Structures are given as C-alpha cells and as structure tokens.
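Report on one structure; see the data block that follows.
Owing to the predicted nature of the structure, the values given are computational and were not obtained by experimental measurement. Quick note on labels: first sequence line is chain A, next is B, and so on, each numbered from 1.
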Amino acid sequence: MADQHDILKKVISHSKEYGFVFQSSEIYDGLSATYDYGQYGSELKNNIKEFWWKAMVQMHENIVGIDSAIFMHPTVWKASGHVDAFNDPLIDNKDSKKRYRADVLLEEHVAKIEGKIQKDVNKGAKKFGADFDETEFRATNPNVQRRQAQIDDLNKRMEQAFSGDDLEAIRDLIIDMEIKCPVSGTANWTEVRQFNLMFGTELGSVSGESATIYLRPETAQGIFVNYLNVQKTGRMKLPFGVAQIGKAFRNEIVARQFIFRMREFEQMEMQYFIQPGTQKEWYSYWKEARMAWHNALGFGSDNYRFHDHIKLAHYADAACDIEFNFPMGFKELEGIHSRTDFDLNAHQEFSGKNLTYFDPEKNERFVPYVIETSIGLDRVFLAVLAASYKEEELNDGTSRVVLRIPPPLAPIKAAIFPLTKKDGLPDKAREIMRLLQFDHSCQYEEKDSIGKRYRRQDAIGTPFCITVDHETLENDTVTIRERDTMQQERVSISKLPELLGESVGMKKLLNFSTTVSK
RNA sequence: GCGAGUGUAGCUCAGGGGUAGAGCAUCACCUUGCCAAGGUGAGGGUCGUGAGUUCGAAUCUCAUCACUCGCUCCA
C-alpha cells in the first residue's frame, strides 16, 4: 500500500509517455488542472463513451439520448439552485490554515451572543422565581439590551454586505466582532474571497447589451429543460430515461489529482423519469444496474463499493456514490441520486410552463420523479488506466509494462507486424491491415525486433499482435499473440475478422445487462 | 487561495559560481529474425520563466508560472 501513490505517479507518466494524456498547453507551462487527451487517450475515452451509451441507450428500449448545448438560459441555474448554492464567500485563518465560510462564521457568532442572552435570562428567572416576566426582562435588562442591539446591528450589516456582495464589508464585520478561529484562537484572517463554482461568460457581441451566462456545471439541466420535448416527440411513457454525454465546468477551488478533479470535465448522465412513489424501487434498480456495468469491466468487485450519503443535497431524497479503489484510495466514480420532482418543479415555477406528464391510464397529470445516474467519464478513464496498469516480471527474468485494458475498450485492437522487412512480408502485412481496419483500429509496425514491437503494443494495451512470417506466404496463416497470456496461435488470415470481432467487440461487455433483474 | 516540497534532453537523473553531462528513448545505416536493452553514427537543452547580485549564474537572491502533498467540495 505504501507504493500506491507511486502507482498514480507511474500511471501519470505512462499516460504522457505513450500518448494517453498530456497537460494542456504544455509548451506554455501548462494550465492548472487542465489536461488534453492524446492519440490513444482519445480512443480509449471514445470507447468508454460507446460502452456507456450502448449500455444505457441502445440496450434500453425506453431510454433515449440527447446532446444539449453547454450554454443555457441564465434562469436555468437560478431554478436549479446552483446560483445560490455555488456561491460561498470563504475566508482563511492564516495561523491554523483552516478555511471557513464567512457567512457561517458570522452566524455562529450571532448564535454565541444569543446564547449569552439566554444565560442572562435563565439567571433572571432563577433570581425572580415565579414573578419572572421574560418579555419584560428582555426589554429592560441593560446587558440583554446591549447584546440584542449588537445582534440587530450585526444582522443589519450582514444583510447589507451580503446583498451587495461587499466582501470587504464582510471581512470588516469579522474583524469588528473579534471573531477568532476555533482552532488557532487568533483573528489573523485573509481577505474574504468569493468562490463562484460556475464559470461565467458574456453572451452578445455588443458591449453593454450582453448578458452573463454560465458554462453548465452539470449536464443534467439540459435534460430537464428538454424532458417534455423528448417525451412528446418520442411518445415516451413513464418510466423513461434521457441520457447525455457532455462537458461540464466547475471552478473548483482545488482541482487536482491528475484527471480526477478537473475544472473542465465530462459527464455521462441519465435522468430516469418515473411515477411518484416508485422512486425507492427504481433507485435500488439503478444502483444495481450501474454496479453491474462497472463490474462488466472485470477489474474485480472488490475494487468497487457503495457509499450512501447521509447528508443529502437540496434536491435529493436518497443518494449514494459508487466508489472505486483508485491509487489514492476509494473515491467517487459515479453518483446515483433520487432527485424527487425538485428540478422539474423548479423549472415549472421559474419558466411558468406546465411541465406535468399526462398519464393516460390513470387519466391524471403530475410532475414525474427522477432517478439520476451521473458518472464522471474522466474518472472512469483514470480507473481503467489505474486498474489496467501492470508491471510484470516474466519467467525469463525480463519485465514488461502492460495495460490490461478490457479488449473492447483498447485504443488499438490489433497490431500487424511483418517478421522481417524483406521477402515481401511487409506487403502481406499491409494487405491484412487493409482487411481489418474497416472494423477495428489497427496499427502497422515494421521497425525494431519483433520482441520490442510486442512490448510497445503491451504498453498501450493492444490486445492482439498479428505477425506475418515466411509461412504466411505459403499457406495464408499468421500467428496471433494475445496480450495478457503472451500466447501465440497460428490461424488462417480468413479467420481473423471473426476472431477479432468476438474478442474486441462491444457485445462482449454489453452482455452483462441480462444479469440485472427488472 | 494558504503552507511545504519539486522544476536540468522525450523519460529517469547527475552536476551547487568558470560557459552542458550519463543511461534509456528517437533517427539513419549494418546485423539478427517470434518476446525489450548487438554494432557504427547523428539529432536534440537560452538548465521552468523574468529580474537582480557578479568580470562571469544551471549554480546565489527575489518574483512569477507549473506540478506534487495537505486544508474544502464534488462527477
């Protein structure tokens, strides 16, 4: 376990060395927590997308996909709660290095003063016994009045400061109140900073006429605002799902750990619209179905676990994560949320449009409930890489680095080598390449010794290496070498398409869905 | 954002005031021909960037950028 961290480092440098992930804008020293996917990375990423899309959309009659715009009407984010919930003024104590929400610090201070008042009231009650009149005591006791005035003043100033987004005034308040850090006990505070987790940009080219719009912090809202369009044009009946893969943007305070937490990331989300009252049933169905999807990759069920949320987000009545055993420990890979009718209700209210679903069987209208499955594509990518990366000691004393990527996800499905550069072997190999590349991404290589070429393909996770030798010219057979076992088999060229198709086809992964009940 | 650490060739690193090194990788040619590291040769670095000190800075100082690890939150 001590070298778990080293594994992450190795995966990162392997990713760069073999063209999976590069730091963004690297020639300009990079851009913090932004990464680009390289020639093999983009293939792997596309294959993961395909696996998800097919498992969710193609394999479910009642789930369809959309591709909504990243830009959305600003009111969408008011309705969703993101404008309010993603706007925290934060302040750091320089001595303890602890970070606090400025508004929480002030509110706690108010509560503290109120506690003191209550203490005085209790004292008074004890002193005066049965004759005690709390209202009168509060109105007349000088201590209480002084403190109450303090609270009133503070509340007033807080309201002014927060409504005007006056960060300096908020800091002044904290200083004036002599609020101290509970950990260090000092009042050595930094500036108050506003961390808006949404990226804003300007829509409209004429200055002064533009409006601030946000880059979406989640793809889900694009589904919610289109739910009725899809339901009506697709003649969808409850329960039905709408899936989407797309970029989302969050201005994370701390974005790190390679591609695990980025400011620009890609989500694969599916919103499942259901009858109110059936959410428990569907929530547990999707928990099981999504876990089955992960397990289909074959990395071992020990590497996955559920983590139920105790404290729920403002929109959920149940929520859990599927966590994966990353090199840096178990971390969230996917979230499954029972979102109730919160989002659709909110959009109904803010838009003034009727978003109810008409149930012809029951002859009634209602706003559907929603179960959401939301998975981080970049995180699955990292999980696949981390779980696939193996350094192996071989029997002959040598070692190799191999990516045991599930074959349907592998960036390159087959590499074709002429054993030598002579005797027409390259031409024959090119011929096989042309035969296979209609269906699979293939690579042709004739440089270096055959062993070197095998190892290079191991390092990018290519499941099969096909070698053309002198016997090929005689009887049209080649050797095909399997990545994980390194075993070779002699097969005829005409068998290759079928053999590859079975092993690297997405069908192999998608078969899992039959194992989930309902 | 704050604190600590790191930054020299594609990768891993050495050099700690006197003008740039090794191994691997890359490229060319030769050799071998089914599991990496055979021979010969070549290319590649304004030492993260910018200032300062100095006759002279990769080396000392400051700033800045990026990365790694902690502190919050999430996909």
Side-chain angles (χ1 to χ4, degrees), chain A residues 5 8-9 12-14 16-19 23-34 85-86 88 90-101 183 188-195 197 217-220 247-269 309 313 321-323 328 331-337 372-380 382 394-401 417-423 425 447-459 465 467-471 478-479 481 483 486-488 490:
Chain A
H5 177 240
L8 181 62
K9 272 190 178 166
I12 292 170
S13 53
H14 192 86
K16 188 193 167 185
E17 192 174 352
Y18 288 93
Q23 179 163 34
S24 162
S25 319
E26 196 185 12
I27 61 168
Y28 292 104
D29 280 336
L31 182 64
S32 180
T34 313
F86 273 17
D88 300 332
L90 300 178
I91 191 166
D92 293 341
N93 183 275
K94 289 179 184 169
D95 298 311
S96 65
K97 314 292 176 211
K98 288 282 174 193
R99 166 163 299 156
Y100 301 92
R101 274 178 55 178
V183 176
N188 191 8
W189 298 107
T190 62
E191 299 297 298
V192 175
R193 289 177 305 264
Q194 188 83 11
F195 286 95
L197 264 60
E218 63 173 22
T219 53
K247 293 265 180 141
F249 304 84
R250 289 185 198 173
N251 204 358
E252 297 286 345
I253 308 161
V254 175
R256 244 189 261 144
Q257 261 158 345
F258 195 40
I259 54 172
F260 184 79
R261 182 177 292 109
M262 297 191 286
R263 298 204 165 93
E264 173 180 341
F265 61 103
E266 200 152 2
Q267 291 183 308
M268 304 191 287
E269 291 197 313
H309 286 199
D321 302 329
I322 293 176
E323 295 184 333
M328 59 279 190
K331 299 267 187 181
E332 182 183 358
L333 190 59
E334 170 156 14
I336 297 156
H337 297 225
E372 165 187 280
T373 73
S374 173
I375 176 168
L377 173 55
D378 311 275
R379 290 184 176 183
V380 178
L382 181 58
L394 302 177
N395 292 332
D396 62 2
T398 61
S399 63
R400 67 165 184 165
V401 172
F417 308 146
L419 187 58
T420 77
K421 272 185 269 191
K422 295 179 294 199
D423 307 329
L425 298 187
K447 266 198 72 64
D448 296 314
S449 73
I450 193 76
K452 255 189 184 176
R453 285 178 269 171
Y454 286 148
R455 299 297 168 90
R456 266 205 294 268
Q457 295 299 328
D458 287 342
C465 292
T467 301
V468 171
D469 56 18
H470 291 89
E471 197 183 328
V478 291
T479 60
R481 171 215 187 243
R483 178 193 65 201
M486 296 170 69
Q487 297 294 312
Q488 280 176 275
R490 187 142 209 120

In whole Å, measure the gap between the [atom1] atoms of [N] and [M] for me.
| N | M | atom1 | value |
| --- | --- | --- | --- |
| U53(B) | C60(B) | C1' | 8 Å |
| G10(B) | G45(B) | C1' | 12 Å |
| G43(B) | A58(B) | C1' | 22 Å |
| C11(B) | U49(B) | P | 15 Å |
| A22(B) | A9(B) | P | 14 Å |
| C13(B) | G17(B) | C1' | 22 Å |
| G16(B) | G1(B) | C1' | 33 Å |
| C27(B) | G44(B) | C1' | 11 Å |

Proximity to the side chain of [X] - top-ranked nucleotide from [options]:
| X | options | answer |
| --- | --- | --- |
| Ser399(A) | A36(B), C27(B), C34(B) | A36(B) |
| Ser449(A) | A75(B), A36(B), C67(B) | A36(B) |
| Gln488(A) | A36(B), G33(B), C35(B) | C35(B) |
| Ile450(A) | A28(B), C34(B), A66(B) | C34(B) |
| Lys16(A) | C11(B), A75(B), G33(B) | C11(B) |
| Arg379(A) | C69(B), C74(B), C34(B) | C74(B) |
| Lys452(A) | C35(B), A36(B), A75(B) | A36(B) |

Have a look at [X] and say if it touches a base, only the backbone sugar-phosphate, or nothing, with a 4.0 Å heavy-atom cut-off.
| X | result |
| --- | --- |
| Leu333(A) | sugar-phosphate |
| Lys247(A) | nothing |
| Glu269(A) | nothing |
| Glu218(A) | nothing |
| Arg400(A) | nothing |
| Asp469(A) | base |
| Ser374(A) | sugar-phosphate |
| Asp458(A) | nothing |

Any donor-acceptor pair under 3.5 Å from Gln267(A) side chain to Thr219(A) backbone = yes
For the pair Arg263(A) (side chain) and Arg250(A) (backbone), establish whether a donor and an acceptor sit closer than 3.5 Å, ignoring hydrogens and angles. no
| Hey, are the side chains of Met486(A) and Arg400(A) touching, using non-hydrogen atoms and a 4.5 Å cut-off? | yes
Using the six-membered ring wherever Trp is involved, compare the ring planes of His309(A) and His337(A) and label them parallel, tilted or perpendicular (cut-offs 30° and 60°). perpendicular
Contacts of Thr34(A) and Glu17(A) projected onto RNA chain B by closest heavy atom; the upstream (5') one is Glu17(A)
Judged by nearest nucleotide, the residue sitting upstream toward the 5' end of RNA chain B, Phe265(A) or Arg453(A), is Arg453(A)
[atom1] of [X] versus [atom2] of [N]: gap in Å, rounded?
| X | N | atom1 | atom2 | result |
| --- | --- | --- | --- | --- |
| Phe258(A) | C69(B) | CZ | C1' | 17 Å |
| Lys421(A) | U32(B) | NZ | C1' | 12 Å |
| Phe249(A) | A75(B) | CZ | C1' | 14 Å |
| Ile322(A) | C74(B) | CD1 | P | 18 Å |
| Arg250(A) | A75(B) | CZ | P | 5 Å |
| Glu471(A) | C34(B) | CD | P | 13 Å |
| Leu394(A) | A37(B) | CG | P | 13 Å |
| His309(A) | C73(B) | NE2 | P | 12 Å |

Phosphate contact (C67(B) OP1 or OP2) by Gln23(A) side-chain N/O below 4.0 Å
yes
Discussion item. Looking at U26(B), I'd like to know if its phosphate oxygens (OP1 or OP2) sit under 4.0 Å from a side-chain N or O belonging to Arg456(A).
Written reply: yes
Assigned chi class of G48(B) under the 90° convention is anti
| With a cut-off of under 6.0 Å to the ring centre and 45° to the axis, is Arg379(A) in cation-pi contact with Phe260(A)? | yes
Please evaluate residues Phe417(A) and Leu425(A) with respect to the criterion side chain to side chain contact (heavy atoms under 4.5 Å, CB included), reporting the C-alpha separation (whole Å), side-chain torsions for both, the decisive distance (0.1 Å), and the verdict.
CA-CA 9 Å; Phe417(A) 308 146; Leu425(A) 298 187; over 6 Å; no
- Query: Between Phe249(A) and Phe265(A), is the gap from one ring center to the other below 6.0 Å?
  - Reply: no
All stems that RNA chain B takes part in, i.e. 3 or more consecutive Watson-Crick or G-U pairs with distances under 3.5 Å, are B:1-7 with B:65-71, B:10-13 with B:21-24, B:26-30 with B:38-42, B:48-52 with B:60-64
| query | Under the 3.5 Å rule, do the base of C74(B) and the side chain of Arg261(A) count as making a donor-acceptor pair? | reply | yes
Practice prompt. Might you work through the side chain to side chain contact (heavy atoms under 4.5 Å, CB included) test for Thr373(A) and Glu334(A), ending with a clear yes or no?
Written response: CA-CA 7 Å; Thr373(A) 73; Glu334(A) 170 156 14; 3.5 Å; yes
Residues at least two apart in sequence or cross-chain that pass side chain to side chain contact (heavy atoms under 4.5 Å, CB included) with Ile12(A), listed by chain then number, are Leu8(A), Phe258(A)
In terms of side-chain geometry, is the basic nitrogen of Glu323(A) or Lys331(A) positioned less than 4.0 Å from the acidic oxygen of its partner?
no
